[in-house]
There are 2 protein chains.
Amino acid sequence: MSNPPPSPPAPTEAGAPPAAPAGEAAHRAAFSPLYRQIKGLILQSLDRGEWKPGEAIPSELELASRFKVSQGTVRKAIDELAADNILLRRQGKGTFVATHHEEGVRFRFMRLAPDEGDPVQSDSHFLECRRLRAPSEVARVLELRPGDAVVQIRRILSFTGVPAVVEELWLPGALFRGLTAERLAGYKGPMYGLFESEFGVRMIRADEKIRAVAASEQDAAWLGVAPGTPLLQVDRVAFTYGDRPVEMRRGLCLTTRHHYRNSLN
Amino acid sequence: MSNPPPSPPAPTEAGAPPAAPAGEAAHRAAFSPLYRQIKGLILQSLDRGEWKPGEAIPSELELASRFKVSQGTVRKAIDELAADNILLRRQGKGTFVATHHEEGVRFRFMRLAPDEGDPVQSDSHFLECRRLRAPSEVARVLELRPGDAVVQIRRILSFTGVPAVVEELWLPGALFRGLTAERLAGYKGPMYGLFESEFGVRMIRADEKIRAVAASEQDAAWLGVAPGTPLLQVDRVAFTYGDRPVEMRRGLCLTTRHHYRNSLN
DNA sequence: TAGTGGTCTAGACCACATA
DNA sequence: ATGTGGTCTAGACCACTAG
C-alpha cells in the first residue's frame, strides 16, 4: 500500500459508501468493520454475476489491491463467505464460487437419508409445471405483489425406484421465464443446479418448518400407502443473495425407510 | 516471545505431543497447524474441568505466553471454539466457557417452536427416573458394555400448560450417580443446565433423526389425542467433549400448534 | 518455477467494560 | 486508567497445484 509507513490507514473508506462518519454522527452509526464492508462488496459482485458459479474469483492479493486494503482483510471477508458456503477455497488453486453441481454439496439441501446405507441421489418425476397468479400466501412468502405470476411445480421423488416424497414448489414467475416440465425432466442433476445454470438464481440458504401430518387420499396414492399414514411435512423457504426469498416448497415424506437428519451445534 | 528476531519459530511443538515429525515420517503425518494443536489443548483443559461453564478462561495474551505462541495463533484457536459454541467471546470482558444456563442459548437444543409467537420455555413433568442395565441398543449407541448401568427418564413437556411432547432419555449410569426424579423435578431451568452444574456433563453437540409416526395408545393418552395421530419422532444422540455420546433420547411431538424449525446453510 | 491459499508472527490502534 | 477482545496491517514462510 502507499501510505505513511507504520501507520495503518483510517478504516471507513473502501471504494464504497458504508459507514462514513460525517462530522460527528449520532452516538455511533452502526459501525461495520472494514472486512465486513469488503464482504459486502464481494457479495454485490456475486449477486450481479461478475463471477459465475464454478468460476474462480480474483486472488486475495488482487482483491486486496482492488479494494485498497491488506491481504489479511480480504482473507477475513472471504473466510466468512466460505463459512457461509458461498465461496469455496482450494489451496494452491484459488477461491471459487460455490455451485450446486459439485458432488460434495449435493446433500446440503437434501436432508432425507435412508435409514441404512449412504445417502443416495433421488429421481424426480414431474407431475406438473405451470404458470399462474400467486395465491395470497405464496405472494406473501415470496414478497410478490398479489396477482404476480408464479411457477407451480409438483413432483415425486423416488429412492432406488421407490416413491418417497411428493413435493410442491412455487417460484417467482419473473425469475423463471421459460421453465417447463420438459426442461425439468430433461435436466440431469439437482434442481438447484438447473436454477443456477439456466436462470441465474442461486440458492444460498433455506428455513424449514417440519410437522407430522396424515396422508391425504391423493398423496397416499402417489406414495403407495394407506390414507392417514403419517408423513413428514417439510415447509421450506429458500433465499438467494441478500436474503431475497425465491422459492417456497412443501414436501410430504414417507419416513418408513428414511429419516430427516439434522445436527445441532 | 523470546526467539531469534525476525524468524518465526518452527511449528510443531507447543508443550504437547501432536505432529512431531520424527526423522522423516511416512510421506506426511497428518500435519496439524499450530492453532489446531492449541485448540486441542484448550479443549483438554475444558474437558478436565480446569475452567467451569460460565467462568472466564485466561486472556489471549496469557494463553499465548503459556503456550509459547503469538496472540494471533491463540485467537484463531479460540475463533474456532467460539464458532462451535464451546466458548463465548465478550468484547472488553473476556472469553467465557459457554453454559446451558444463558438466556440466549436456551433454544439451541429445543427446536420445537409454536406456529405463532416467539419460542417459549416448556414445563417438564417427570414420569419416571430409574436405574437399570442398558438394553443392547442403548449400550451400543452410548458405547457402553452390555449390562452397564444406565438411567432411564421419561417426561412430558408442556407449552403454556398443554402437553406437546412425551420424551424418553437414556444416560450412562456411571456419569449420573444420584440422579432422581425429585432432583429433576426440583430443578429450575433447562435439563442440560442441571446435567452441567450437578454432574459435570456438558452437552456440546447432537445428531437427530426425525420421522413421522402414529401415536400409540399410551402416547396418545399422555398427549390427549386419538391413537394413530401423526407425531414427530425425534431421535437424538448428544455428545460431550471429544465426541463421546452421553445421551440417547426419543421425543414424540404433537405438531398441530408447533413445528420443528431448522435452517439449511 | 510461479502462483495460490494457509499459517504464524509482531505491532499498532480501536471498541468496550470496569474500576 | 487499565485490561479485554476486535480490527488492520505487513511480511515471512509453508503447502499445494499446475505449467
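Below, read A as the first sequence line, B as the second, and so on, with proteins coming before strands; counting in each chain starts at 1.
Rounded to a whole Å, the NZ atom of A/Lys68 is 13 Å from the P atom of D/dA10. When rounded to the nearest whole Å, the span between CG of A/Leu34 and C1' of D/dT9 equals 11 Å. Rounded to an integer number of Å, the gap from B/Phe67 CZ to C/dT9 P is 13 Å. One atom, CG of A/Leu61, and another, P of D/dT9, lie 13 Å apart when rounded to the nearest Å. Per the geometry, CG belonging to B/Leu63 stands 14 Å off P belonging to C/dT9, to the nearest Å. Spacing between atom CD of A/Gln71 and atom P of C/dT7 amounts to 13 Å, rounded to whole angstrom units. Atom C1' of nucleotide C/dG3 and atom CZ of A/Phe96 are separated by 12 Å, given to the nearest angstrom. B/Ile38 has its CD1 atom 13 Å from the C1' atom of C/dT9, to the nearest Å.
The phosphate of C/dT4 has neither OP1 nor OP2 within less than 4.0 Å of any side-chain N or O from A/Arg89.
The main-chain N or O of B/Arg202 is found under 3.5 Å from a side-chain atom of B/Thr240 such that the two form a donor-acceptor pair. A side-chain donor-acceptor contact under 3.5 Å links B/Glu55 to the backbone of B/Lys52.
By the neighbour-count criterion of 12 heavy atoms within 6.0 Å, atom CG of A/Asp243 is densely surrounded, having more than that number from other residues, nucleotides or ligands.
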For residues 83-92 of chain A, which side-chain donor-acceptor pairs fall under 3.5 Å, sequence neighbours excluded?
from    : atom 1 : to       : atom 2 : distance (Å)
A/Asp84 : OD2    : A/Lys39  : NZ     : 3.4
A/Asn85 : ND2    : B/Asn265 : O      : 2.8
A/Arg89 : NH1    : A/Asp79  : OD1    : 2.4
A/Arg89 : NH2    : A/Glu60  : OE2    : 2.2

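When the nucleotides D/dG5, D/dT9, C/dA15 are ranked by their closest atom to the side chain of B/Glu60, D/dG5 comes out on top. Closest to the side chain of A/Thr95, out of C/dG5, C/dC8, D/dT7, is C/dG5. When distances run from any side-chain atom of B/Ser70 to the nucleotides C/dA10, C/dG5, C/dT7, the shortest one goes to C/dA10. Closest to the B/Lys93 side chain, of the nucleotides C/dA17, D/dG5, D/dT17, is C/dA17. Distances from the side chain of B/Tyr35 to the nucleotides C/dT4, C/dC8, D/dG6 place C/dC8 closest.
With respect to the salt-bridge test (charged N to carboxylate O, under 4.0 angstrom), the residues A/Arg183 and A/Glu198 qualify. Salt bridge status for B/Glu208 with B/Arg249: absent, with no side-chain N to carboxylate O gap under 4.0 Å.
Taking the six-membered ring where tryptophan is involved, the planes of B/Phe199 and B/Phe195 are perpendicular, since the angle between them exceeds 60° and thus also 30°.
The 5' end of DNA chain D is approached more closely, in terms of each residue's nearest nucleotide, by A/Pro33 than by the other of A/Gly92 and A/Pro33.
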What verdict does the salt bridge (charged side-chain N to carboxylate O under 4.0 Å, His left out) test give for B/Arg244 and B/Asp47, after you've listed the backbone C-alpha separation in whole Å, the side-chain angles of each residue and the deciding distance to 0.1 Å?
CA-CA 11 Å; B/Arg244 282 169 287 163; B/Asp47 192 6; 2.7 Å; yes
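Among the protein residues, A/Gln91 comes within range of the nucleic acid bases, having at least one heavy atom under 4.0 Å from a base atom.
Checking A/Glu247 against A/Tyr192 by side-chain atom types alone, a donor-acceptor pair falls below 3.5 Å. Between the side chains of B/His100 and B/Ser197, no donor-acceptor pair of N or O atoms lies under 3.5 Å.
In DNA chain D, the stems built from three or more successive Watson-Crick or G-U pairs (distances below 3.5 Å) are C:1-18 with D:1-18.
Applying a 4.0 Å cut-off to non-hydrogen atoms, the residues of residues 72-86 of chain A that approach DNA chain C are A/Arg75, listed by residue number.
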